[in-house]
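In what follows, chains are A, B, ... by sequence order, proteins preceding strands, each numbered from 1.
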2 protein chains.
Amino acid sequence: MNERKQHVINKAHQLFIEKGFQATSIQDILDYSGISKGTFYKYFSSKSELLIAIYKANFKKLQKERNDLLIGKNPSDIEVFIKQLELQMISNKKNKFVALYEEVMSTNDADLKHYIRITRLRSLRWMFSRFIDIFGEKNKPYLLDCAIMFQGLLQNNLQYNRLATDSNEKISNVVRFSVNRLVKLVEEVAEADEQLHPQELLEKWLPGPQKNNHEWISQFYKIINLMRNCITKHFHDKYDQEKYIELLEFIQEEIMHTRAPRKFLIESALQTLQNNPLDIWKKELLQLTQIITAFFQQLEENGEDEH
Amino acid sequence: MNERKQHVINKAHQLFIEKGFQATSIQDILDYSGISKGTFYKYFSSKSELLIAIYKANFKKLQKERNDLLIGKNPSDIEVFIKQLELQMISNKKNKFVALYEEVMSTNDADLKHYIRITRLRSLRWMFSRFIDIFGEKNKPYLLDCAIMFQGLLQNNLQYNRLATDSNEKISNVVRFSVNRLVKLVEEVAEADEQLHPQELLEKWLPGPQKNNHEWISQFYKIINLMRNCITKHFHDKYDQEKYIELLEFIQEEIMHTRAPRKFLIESALQTLQNNPLDIWKKELLQLTQIITAFFQQLEENGEDEH
DNA sequence: TCCGAATTATACTACCTGTATAAAAATATA
DNA sequence: TATATTTTTATACAGGTAGTATAATTCGGA
């Protein structure tokens, strides 16, 4: 991205943090970042679009850090989840994102409102999927409710805690306290077998990447299994067999159980499969490539880079 | 209140509900309510002050209805609490108070922000005191945390529920679901013996009527007991004894356990006590009157009419 | 009927967003 | 180096908003 544009984004973000979004006029931004009006409107069609640019720039970074915390860890380990939450809460506080959210909901800018709505829903979806990691498929029917309640519970705890003490180190205490409640909450709701929001709602609110789509999932597994059979049938060399099976399993693992599947790795793996000496499974490999391409396409459409 | 002014308040509230606070210009209000600019600024110093007037008008009514639900009921009955919540949530939805809250936090109007802050804290205090009614003194150390968490949990449940279905009848389901979680939450936190926010914080955030002040309470009970002893000692007629004891107990009950003590009733009771034929307890009665006067004074200062 | 208070209409200041445009500066190209 | 092209600036402008000020008008009560 244009360095000058990034500079404007940073300066404007500083002003928004200090004075708030509404209270910062475009003229303020022009003065503070040292550009002219013409340039501003060349970069951004409005103050709202500038704010969206700020969000996007930060979320991308945050999302990466959040996913990095999972690398090499067991996704069901709740300590990893706590770390991820802390990371996000500290970032939220530093960047005043919550305050800016609320401010924005008041504006009459439909685009901005929509963006915020989507962002919140994405956050909910992330939490829901992490809950599935942590609390298991058996609790799935209750986990959307739990995610909704936990978000509110945590947010209020943080808000009032900030009112009480303005120290940063306390955030981890608040997160841990809240998560302690969460664990029992999940148990309790599952025990009572009560549901307020069916999990399909999430898909309705946020037509997502096909990861949540059962049809897609079953098709993906079908092809993977077909190929696995191919391998055991056609490769008699034990070393080759193992190598290709491992590649296949890596692809499966990366796509199904990684927060942000690494496209380049998967493409590389597909390439290696294609370059096998026997030249079997032409059809299956094409299907696999297609379904994975579709997956990444949807991921990007629904990901952080919408329009 | 001036009928014309009330008319402006109603019309403006309609506009705020339809278009939002920020999006409604003063000119819109002038046109819609049919007054001139001069008159507007005679009534309200700004649009913000008009909004505060809207809040006050509605809260007074809501508070009355909410307290009426308790009349003749056991305060520890959770069904009453559920009814009270439903009442408030339906009102919030109808009047779009939550949306208006959020909008307001973005404005740079310090007065308005302060008012909203106080209003939210009052709501929290109300919930805290109701939790004490319901879950008992033994759980008190955990009930502020529970109130904070429950507010967030309920709010989020309602918000996402509105996103899912826009029907009004569902509100009671959401409330009941949330309260079911609450009951177990209180048990669980007490069991774990974890506390995030000490209850003194509430007093610090919202220096309240002395009802929460232990010193005042003990003094109040001391005087009441002194007078009770007087009665049993000096009145030998069984009918008189019972009558004065009942008056005393009414005062105690009304002040200590009623959400909005009825000043006129208490003053009337005090008057009756003063007019007793024996003319004993002059000193004690004076003390009681003083402490009750102080109580009502603080109640009004901290009550709903803060400017 | 008349006085004074309430109300209106209107003009005015100061600020805001967003558009348009000509001049100046930076950059690329020959 | 000289010329062409793009980027950036400075500035004026239109249309909107909040709030102040003031003269004219209306209305209710003595």
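Helical stems involving DNA chain D, defined as 3 or more consecutive Watson-Crick or G-U pairs under 3.5 Å, span C:1-30 with D:1-30.
Salt-bridge check for A:Lys113 with A:Asp109: failed, with every basic side-chain N at 4.0 Å or more from each acidic carboxylate O.
Note: CG (B:Asp31) to C1' (D:dG16) measures 14 Å, nearest angstrom. One interatomic measurement links the two molecules: CD of B:Gln22 to P of C:dC16, which rounds to 15 Å at whole-angstrom precision. We find that CG of B:Leu15 is positioned 13 Å from P of D:dT17, with the value rounded to whole Å. Taking atom CD of residue A:Glu3 and atom C1' of nucleotide C:dA26, one finds them 15 Å apart after rounding to whole Å. Look at NZ on A:Lys47: it is 5 Å from P on C:dT17, rounded to the nearest Å. Following rounding to the nearest Å, B:Gln27 (CD) and D:dG16 (P) show an atom-to-atom distance of 12 Å. If you take CG of B:Leu50 and C1' of D:dT17, they are 16 Å apart, rounded to a whole angstrom. What separates CG of A:Asp28 from P of C:dC16 is a distance of 7 Å, to the nearest Å.
For the pair A:Lys47 and A:Phe21, the cation-pi test (distance below 6.0 Å, angle within 45°) is passed. At least one test fails for A:Arg125 against the ring of A:Trp205: distance under 6.0 Å to the centre or angle within 45° of the axis.
Using a 4.0 Å cut-off, no side-chain N or O of B:Arg4 falls inside it from OP1 or OP2 of C:dA6.
Defined by atom type and a distance below 3.5 Å, a donor-acceptor pair is missing between the side-chain atoms of B:Gln14 and B:Asn10. Side chains of B:Gln27 and B:Asp31: a donor-acceptor N/O pair is present below 3.5 angstrom, by distance only.
Residues from residues 34-43 of chain A lying near DNA chain D, meaning a heavy-atom separation below 4.0 Å, are A:Gly34, A:Ile35, A:Ser36, A:Gly38, A:Thr39, A:Lys42, A:Tyr43 in numerical order.
With hydrogens and angles disregarded, no donor-acceptor distance shorter than 3.5 Å links the side chain of A:Lys170 to the backbone of A:Leu158. Judged purely by atom type and a 3.5 angstrom limit, B:Lys19 has no side-chain atom pairing as donor or acceptor with the backbone of B:Thr24.
Taking only side-chain atoms of B:Ser25, from C-beta outward, the nucleotide of C:dT17, D:dA18, D:dG19 with the closest atom is D:dA18.
Residue A:Arg120 qualifies as enclosed at atom CZ: its count of foreign heavy atoms under 6.0 Å is above 12.
Ring centers of B:Tyr101 and B:Phe97: at least 6.0 Å apart, outside the cut-off.
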